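Report on the structure given below.
Everything numeric in this text was worked out from a predicted model, so none of it was measured.
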Amino acid sequence: MPDKTLDIQLEVIPGGRKYPVKINADDEELIREATRQLRLKFNAYNQAFSEADLSDKDIMAMVAIDIATSHLRLERNKDIVPFTMRIQQLNEKLKDYLKEQ
C-alpha cells in the first residue's frame with residue numbers, strides 16, 4: 001500500500017477540544033463529517049446525562065463505545081463468509097443430487 005502524503009493541516013474540535021491533524025486531501029470531507037458526527041453524539045450524550053455530573057472525558061468515552069459498537073455491527077453485517085460457506089454446502093448437495101439422477 002503506497003504511503004499517502006499528509007498534505008492538509010486541519011483542526012478538528014470534537015467534544016470542545018481542538019486537535020490539529022495532518023491529513024491527505026482525499027480524506028478531508030470524511031474527516032470533517034466524522035468530526036461533525038462526533039460533535040453531534042457528544043452533544044446528545046452531554047444533554048442526556050446533564051444531571052449526572054460527568055466529565056467531557058466520560059462523555060467522549062461513551063461516544064467512543066457508541067461508535068465502536070455501530071462499527072462492529074456494520075462489520076458483522078457485511079461478513080459474507082457464513083453465507084458463502086452455506087452456498088458451497090448447498091452446491092455440493094445439488095451436485096450429489098444431480099449425480100444420482
Side-chain angles (χ1 to χ4, degrees):
M1 183 174 187
D3 185 28
K4 287 186 171 185
T5 305
L6 302 176
D7 51 6
I8 291 182
Q9 180 77 27
L10 189 67
E11 190 172 81
V12 296
I13 310 172
R17 293 191 67 183
K18 295 179 183 182
Y19 297 94
V21 294
K22 283 190 174 187
I23 62 167
N24 183 284
D26 296 341
D27 295 334
E28 182 178 7
E29 186 178 328
L30 186 66
I31 298 293
R32 288 187 187 279
E33 179 59 23
T35 303
R36 187 185 76 77
Q37 288 184 20
L38 273 172
R39 195 169 39 253
L40 289 172
K41 284 186 181 289
F42 180 88
N43 291 340
Y45 274 98
N46 201 20
Q47 186 176 7
F49 293 97
S50 61
E51 304 290 323
D53 191 33
L54 297 172
S55 71
D56 286 353
K57 286 183 181 181
D58 294 331
I59 300 290
M60 196 54 83
M62 294 167 75
V63 170
I65 291 168
D66 184 348
I67 291 172
T69 302
S70 295
H71 175 74
L72 288 172
R73 196 173 287 122
L74 286 172
E75 286 295 313
R76 285 185 182 159
N77 286 341
K78 77 176 195 184
D79 182 11
I80 62 169
V81 172
F83 301 111
T84 305
M85 291 175 59
R86 183 66 180 138
I87 289 171
Q88 287 173 344
Q89 290 170 348
L90 291 171
N91 215 11
E92 290 302 316
K93 285 183 179 183
L94 182 59
K95 283 180 187 177
D96 292 342
Y97 175 79
L98 291 174
K99 283 181 186 176
E100 292 174 7
Q101 299 304 319

Just wondering, more than 12 heavy atoms not from [X] lying within 6.0 Å of its [atom1]?
X     : atom1 : value
Glu11 : CD    : yes
Glu75 : CD    : yes
Asp53 : CG    : no

Inset, instruction - Apply the test side-chain contact (heavy atoms from CB on, under 4.5 Å) to residues Asp66 and Tyr45: give CA-CA distance (whole Å), side-chain angles for both, the deciding distance (0.1 Å), then the verdict. - result: CA-CA 10 Å; Asp66 184 348; Tyr45 274 98; 3.1 Å; yes
Report the distance from atom [atom1] of [X] to atom [atom2] of [Y], rounding to the nearest 0.5 Å.
X     : Y     : atom1 : atom2 : result
Ile13 : Leu38 : CD1   : CG    : 12.5 Å
Leu72 : Arg76 : CG    : CZ    : 6.0 Å
Asn46 : Met60 : CG    : CE    : 10.0 Å
Asp26 : Ile31 : CG    : CD1   : 11.5 Å
Asp7  : Lys22 : CG    : NZ    : 10.0 Å
Arg36 : Lys41 : CZ    : NZ    : 11.0 Å

Legend entry - Test side chain to side chain donor-acceptor pair (under 3.5 Å) applied to Gln37 and Glu33, step by step: CA-CA 6 Å; Gln37 288 184 20; Glu33 179 59 23; 3.0 Å; yes
Inset, instruction - Might you point out which heavy atoms bring Val12 and Val21 nearest each other, and give the distance in Å? - result: CG1-CG2, 4.3 Å
Legend entry - Under 3.5 Å side-chain donor-acceptor pair for Ser55 and Asp58: yes
Inset, instruction - Say whether Ile67 and Phe42 are linked into one hydrophobic cluster, either directly or through other cluster members, by side-chain heavy-atom distances under 4.5 angstrom. - result: yes
Inset, instruction - For the residue pair Gln88 and Thr84, establish whether any side-chain heavy-atom pair is separated by less than 4.5 Å. - result: yes
Inset, instruction - Would you indicate whether the side-chain heavy atoms of Asp56 and Arg17 approach each other to under 4.5 Å? - result: no
